[in-house]
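Notes follow once the structure below has been shown.
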Amino acid sequence: MAKIARYLTLLIFLGFQTELGPLRRSEPMAEGWLQALRPWNWVFPQDHGSHPEFRTEWWYFTGNLKTLQGRHFGYQLTFFRHGIRKDLPPKANSWSLTDLYMAHFALTDTMNKKFRSYQRASRAGPGLAYCKTGSMDVRLLDWWAVMEDGIIRLHAAQEEIALDLELSPAKGPIFHGEKGLSRKGSAPGQASHYYSFSRMETRGTLKVGPDSPSQEVWGQSWFDHEFGSNQLAEDQLGWDWFSLQLSDGRELMIYMLRLRDGSVETNSSGTLVEKDGSSRHLSLEEVRISVRKRWKSPQSGALYPSGWEIQVPGSGVTLRIQPVMEEQELNASDSTGITYWEGAVAGEGMSAGKPVDCVGYAELTGYAGKLGGMF
């Protein structure tokens, strides 16, 4: 997402030190990170945890929730780990700098047409940020995601909102690409190890407003976990990503990598998940996406797609989806360094010859500035 130099500048601004002295913008990053070259030998629950041998990793939660009164909210809670150095000297301690952590928390209040987003960044360290190996336990200050006995618990609170959820996988894990090796280009290592829980029964509480009580909420969530070291190339401008949950029990993930010449990366692809939990990889040729509407952000000036028709003809899927509200743009200049659109979407269409509704999330990057560094 943002260039490595932005992270180094942030570290200097916050006064972080390494065993070698202050980090400087001109210093090269440590080499020797593992590359995603072949399918991963997945072992759970261990692989829900951190993979520090890879430079970049994220745990990504999105979902659509309702209250007892039928009020709709969309949420996003995302944790990023970015490796600064791979090997520590013999005198390393708990404050030794190895990783930088970022997190995004966003809430879409559909009824009131209000979008709130927050961001954090921190070095690793006691009481600041960490992610464990061997199990899912990732934290940045008092935002966290922890898996216990197969249930993922999320907590995030900022200003006037607080979210506490329990997520129970209904399927999965679902592996994308070749047994979880998701290729982003043709160069060696230009890939990530990528799996999802594509449908998670979700219950919990949500507090919105300083004087409002917590409300019970329930709905569906989607979880992505991805790690790699060298994913995007210079000619790749950004991506359009969709995670959709259909009312017939199917789910659909699609990512389209856009190139600077206006074409689409041939390694763009997707995954179709059936009601019974089986799944199949979708090549670029099997997916058709047409933009039906666009929206210009009053904050960034970026022109985003804002309505789509998605077709997977070989599986009988045709969906028309749109944002639940257009203004769901995040300015993350103080953490990952980019501005992007990510928000709740909904729609309807046909699946295997029958009418369906769908809900989900879309992420649109590279429309408000270029990416680089972290991905």
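The residues of the chain are indexed from 1 along the displayed sequence. Predicted model only: the values in this text are computed from it and were never measured. Side-chain atoms are counted along with the backbone in the values below, which use heavy atoms only and exclude waters and symmetry mates.
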Rounded distance [0.5 Å steps], CZ in Phe115 versus CE in Met325: 7.5 Å

Salt bridge (Lys or Arg N to Asp or Glu O under 4.0 Å) between Lys207 and Glu160, worked out: CA-CA 8 Å; Lys207 177 180 171 62; Glu160 60 182 17; over 6 Å; no

Worked check of side-chain contact (heavy atoms from CB on, under 4.5 Å) between Val317 and Arg250: CA-CA 10 Å; Val317 174; Arg250 283 173 144 182; 3.5 Å; yes

Sub-6.0 Å ring centroid separation between Phe197 and Trp222: no

Ring center gap for Tyr101 and His82 short of 6.0 angstrom: no

Minimum heavy-atom distance between Pro313 and Glu286, given as atom pair plus value: CD-O, 3.6 Å

Short N-O contact, Glu148 and Arg153, less than 4.0 angstrom: yes

Spacing of CG belonging to Asp99 relative to OG belonging to Ser50, to within rounding of 0.5 Å: 6.5 Å

Nearest heavy-atom neighbours spanning Tyr75 and Ser221: OH-OG, 2.6 Å

Shortest non-hydrogen separation from Thr202 to Gln220 and the atoms involved: OG1-C, 3.9 Å

Ring centre gap for Trp40 and Phe54 strictly below 6.0 Å: yes

Donor-acceptor pair, side chain of Gln236 and main chain of Gly185, under 3.5 angstrom: no

Distance (rounded to the nearest 0.5 Å) between Leu319 CG and Leu244 CG: 6.5 Å

Rounded distance [0.5 Å steps], CD in Gln322 versus CH2 in Trp295: 15.5 Å

Pair Phe80 + His104: ring centers closer than 6.0 Å: yes

From Leu364 atom CG to Gln328 atom CD, the distance as rounded to the nearest 0.5 Å: 10.0 Å

Path from Met111 to Val324 over hydrophobic side-chain contacts below 4.5 Å: no

Check against side-chain contact (heavy atoms from CB on, under 4.5 Å), His72 and Leu65: CA-CA 6 Å; His72 173 266; Leu65 307 172; over 6 Å; no

Same cluster (ILVMFWY, side-chain, under 4.5 Å), Leu259 and Met256: no

Phe79 ring center within less than 6.0 Å of Trp58 ring center: no

Connected via hydrophobic side-chain network under 4.5 Å: Tyr304 and Ile289: yes

Minimum-distance pair of heavy atoms, taken over all atoms of Leu167 and Phe61: CD2-CD2, 3.7 Å

Pairwise salt bridge (charged side-chain N to carboxylate O under 4.0 Å, His left out) hits with a residue in residues 291-302, at least two apart: Lys293-Glu326

Basic-acidic side-chain contact under 4.0 Å: Lys113, Glu327: no

Side-chain donor-acceptor pair present, Ser196, His176, cut-off under 3.5 Å: yes

Aromatic ring proximity His51/His225, centre distance under 6.0 Å: yes

Matching residue for Glu363 among Trp341, Trp239, Trp241, Tyr340 - test: side chain to side chain donor-acceptor pair (under 3.5 Å): Trp239

Steps toward side-chain hydrogen bond (donor to acceptor under 3.5 Å, both in side chains) verdict (Asp357, Ser247): CA-CA 5 Å; Asp357 299 323; Ser247 57; 5.0 Å; no

Matching residue for Leu77 among Trp143, Trp144, Trp59 - test: side-chain contact (heavy atoms from CB on, under 4.5 Å): Trp143

Derivation and outcome, side-chain contact (heavy atoms from CB on, under 4.5 Å), residues Val312 and Leu282: CA-CA 9 Å; Val312 186; Leu282 300 173; 4.0 Å; yes

Linked, directly or transitively: Tyr255 and Leu246 (ILVMFWY side chains, under 4.5 Å): no

Worked verdict on Ile161 versus Tyr118 for side-chain contact (heavy atoms from CB on, under 4.5 Å): CA-CA 11 Å; Ile161 65 173; Tyr118 310 95; 3.4 Å; yes

From CA spacing to verdict: side-chain hydrogen bond (donor to acceptor under 3.5 Å, both in side chains), Thr78, Gln76: CA-CA 6 Å; Thr78 309; Gln76 173 198 354; 3.0 Å; yes

Asp224 and its side chain to side chain donor-acceptor pair (under 3.5 Å) partner, picked from Tyr194, Tyr361, Tyr195, Tyr60: Tyr194

Salt-bridge contact Glu178-Arg183 (side-chain N to carboxylate O under 4.0 Å): yes

Nearest non-hydrogen partners of Thr339 and Ser300, listed with the distance: CG2-CB, 4.2 Å

Within 45° cone of Tyr367 ring axis and under 6.0 Å: Arg258 NZ or CZ: yes

Under 3.5 Å donor-acceptor, Ser297 side chain and Gln299 backbone: yes

Flag, side chain of Ser229 to backbone of Leu34, donor-acceptor distance under 3.5 Å: yes

Salt bridge (Lys or Arg N to Asp or Glu O under 4.0 Å) between Glu57 and Arg81, intermediate numbers included: CA-CA 5 Å; Glu57 187 165 18; Arg81 178 192 61 79; 3.2 Å; yes

Salt-bridge contact Glu166-Arg203 (side-chain N to carboxylate O under 4.0 Å): no

Any side-chain donor near an acceptor of the partner, Asp261 and Ser263, under 3.5 Å: yes

Whether over 12 other heavy atoms sit under 6.0 Å from Arg116 CZ: yes

Test log, rule salt bridge (Lys or Arg N to Asp or Glu O under 4.0 Å), inputs Lys184 and Glu226: CA-CA 12 Å; Lys184 306 300 193 295; Glu226 199 161 353; 2.9 Å; yes

Glu348, CD: over 12 other non-hydrogen atoms inside 6.0 angstrom: no

Carboxylate-amine/guanidinium contact Asp142 Arg120, below 4.0 Å: yes

Trp308 with Val287, same ILVMFWY side-chain cluster at under 4.5 Å: yes

Electrostatic pair Lys114:Asp109 at N-O distance under 4.0 angstrom: no

For Ser198 against Ile174, the heavy-atom pair lying closest together: OG-CG1, 3.8 Å

Nearest-0.5 Å distance, OG1 of residue Thr205 to CG of residue Leu165: 7.5 Å

Ser182/His193 under side-chain hydrogen bond (donor to acceptor under 3.5 Å, both in side chains): CA gap, chis, key distance, verdict: CA-CA 6 Å; Ser182 178; His193 299 297; over 6 Å; no

